[in-house]
Amino acid sequence: MSKGNIMNTYGRFDVIFEKGIGSRIYDINGKEYVDFVSGVATNCLGHSHPAIINAITEQSKQLIHISNYYWNTKHVLLAEKLIQNSDHRSVFFCNSGTEAVEGALKLARKHGKLTGNIGKNILLYMDNSFHGRSMGALSVTGQDKYQKDFTPLIGGVKKIQFNDIEDLKNNFSDDVCGIIIEPIQGEGGINVANIEYLKEVRRLCDVHDALLIFDEIQCGMGRLGSLFAYKKFNVIPDVICIAKALGGGFPIGAVVANERADKAVAPGDHGSTFGGNPLGCAVSLAVLNELVDGGIVDSVEEKGNYIREKLYKLKDKYNIIDEVKGMGLLIGISLKTNPKDFVNACFNKGLLVVTAGTNVVRLLPPLNVSMEDMDKALEILEAVFSETTV
Ligand SMILES: *Cc1c(COP(=O)(O)O)cnc(C)c1O
């Protein structure tokens, strides 16, 4: 198989995968791996889940795609389900996380326009954040390595320091139309926002009439132990971006908004050809049914604690572990050694994990991961810790 026709945008592992079941995945030579990457927090029900197979099969016999000129039962039901589980009132469907971020940024800009203050177009974003690779999402991604080769980016954006209340106050004004934050920075290194910080962000958004946007693309959809991540922080954003686990591996994204954020929207403002297609929405409905009604979200905290407690014990034993980070099943292990080498060593032993930031290894198991698979992953991690020296 010649792989030379795939554009060179990723440094890939030398492996070709063929099939997966639950938290296990197999390459074309039949080698088995425990999958603690889950398509980067996407395959929340693992591989080959019967509910997803069934939804794809049944919906594909009915309707795969129509157009947003018409209603379909599945996008209506999916929006209803999301709203029932949030403090918000409307949903815009798209196909990816990046597109959800684009939609949210446009809501903030329109919100600014409607206030009548012509200068109200500034979007604040965080150092070390990650929101996607399109020109808009990239413009609010606070990492030089992603931005530097693609300037000029969009104007009217301002980077501030994550979790720094002074910096926040110094940069907030009536010209700010929105601020975008990951409650837990995923790509940036599993950095958890302080509740006090988020409360201050909420307060300043109210004082200055700006939209608070939470990017829950990685930390939402049950990964922290509640369907929406914001519920763990007791701060209600105006806009939530979701994607990744929303489709359990099928591409779908969404922008969830309250009245403050969506009242400015009129037909023609935003759109998507595939957004809200019946197939994607049927899959997502099946996923949410498992996550919420099937009790999987409720099991996340316990599983996360189980892994975390084992990791604390390993930290006492192996001094290459610096810190155990994160919440629920969004787990980071910061290392005193190169995380890339560590990830490669895990890979060779049959465990898929991924790096984050400069020194963190991320564990993103499926949310329905079994005890046996958690133990297997921990066993491989321990084997690699024991062989790694600082
Ligand atoms: C993955 C991710 C995105 C981008 O989502 P895509 O589906 O790859 O476009 C944006 N924000 C966060 C926090 C993410 O983890």
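Because only heavy atoms are used, hydrogens play no part in the values below, and waters and symmetry mates are left out as well, while side chains stay in. Please read these numbers as outputs of a predicted model, since none were measured by experiment. Both counts, for ligands and for their atoms, begin at 1 and track the order of listing.
- Nearest non-hydrogen protein atom to atom 8 (O) of ligand 1 is T98 OG1, 4.3 Å.
- The distance from ligand 1 to the heavy atoms of G97 drops below 4.0 Å at these ligand atoms: 5 (O), 6 (P), 7 (O), 9 (O).
- We find the CG-CE distance between L381 and M374 to be 13.0 Å, quoted to the nearest 0.5 Å.
- Among the atoms of F130, some N or O lies under 3.5 angstrom from an N or O of ligand 1.
- Heavy atoms from other residues, nucleotides or ligands lying under 6.0 Å from CZ of F274 number 12 at most.
- Atoms of ligand 1 found under 4.0 Å from any heavy atom of D215 (numbered from 1 in listed order, with element): 10 (C), 11 (N), 12 (C), 13 (C).
- Other residues, nucleotides and ligands contribute over 12 non-hydrogen atoms within 6.0 Å of the NZ atom of K31.
- Contact of the M126 side chain with the I180 side chain is not registered, since no non-hydrogen atoms from C-beta on lie closer than 4.5 Å.
- Every atom of ligand 1 is numbered from 1 in the order shown, and the set under 4.0 Å from a heavy atom of S96 is 7 (O), 9 (O).
- Every atom of ligand 1 with a heavy atom of H131 under 4.0 Å away is listed here by number and element: 10 (C), 11 (N).
- Contact annotation for E182 and ligand 1: only side-chain heavy atoms (C-beta onward) come within less than 4.0 Å of the ligand.
- Annotation for ligand 1: atoms under 4.0 Å from non-hydrogen atoms of Q218 are 15 (O).
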Atom pairs and distances, donor-acceptor, side-chain atoms in residues 158-167, under 3.5 Å, two or more places apart:
| unit_1 | atom_1 | unit_2 | atom_2 | d |
| --- | --- | --- | --- | --- |
| K158 | NZ | N171 | OD1 | 2.8 |
| N163 | OD1 | N194 | N | 2.9 |
| N163 | ND2 | V192 | O | 3.2 |
| D164 | OD1 | E166 | N | 3.1 |
| D164 | OD1 | D167 | N | 3.0 |
| D167 | OD1 | N171 | ND2 | 3.2 |
| D167 | OD2 | Q161 | N | 2.7 |

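- Transitive grouping of hydrophobic side chains (ILVMFWY, heavy atoms separated by less than 4.5 Å) keeps I83 and L107 in distinct clusters.
- Other residues, nucleotides and ligands contribute more than 12 heavy atoms inside 6.0 Å of the NZ atom of K263.
- The shortest N or O to N or O distance between K244 and ligand 1 is below 3.5 Å.
- Proximity of V101 to ligand 1 is not established, as no heavy-atom distance is less than 4.0 Å.
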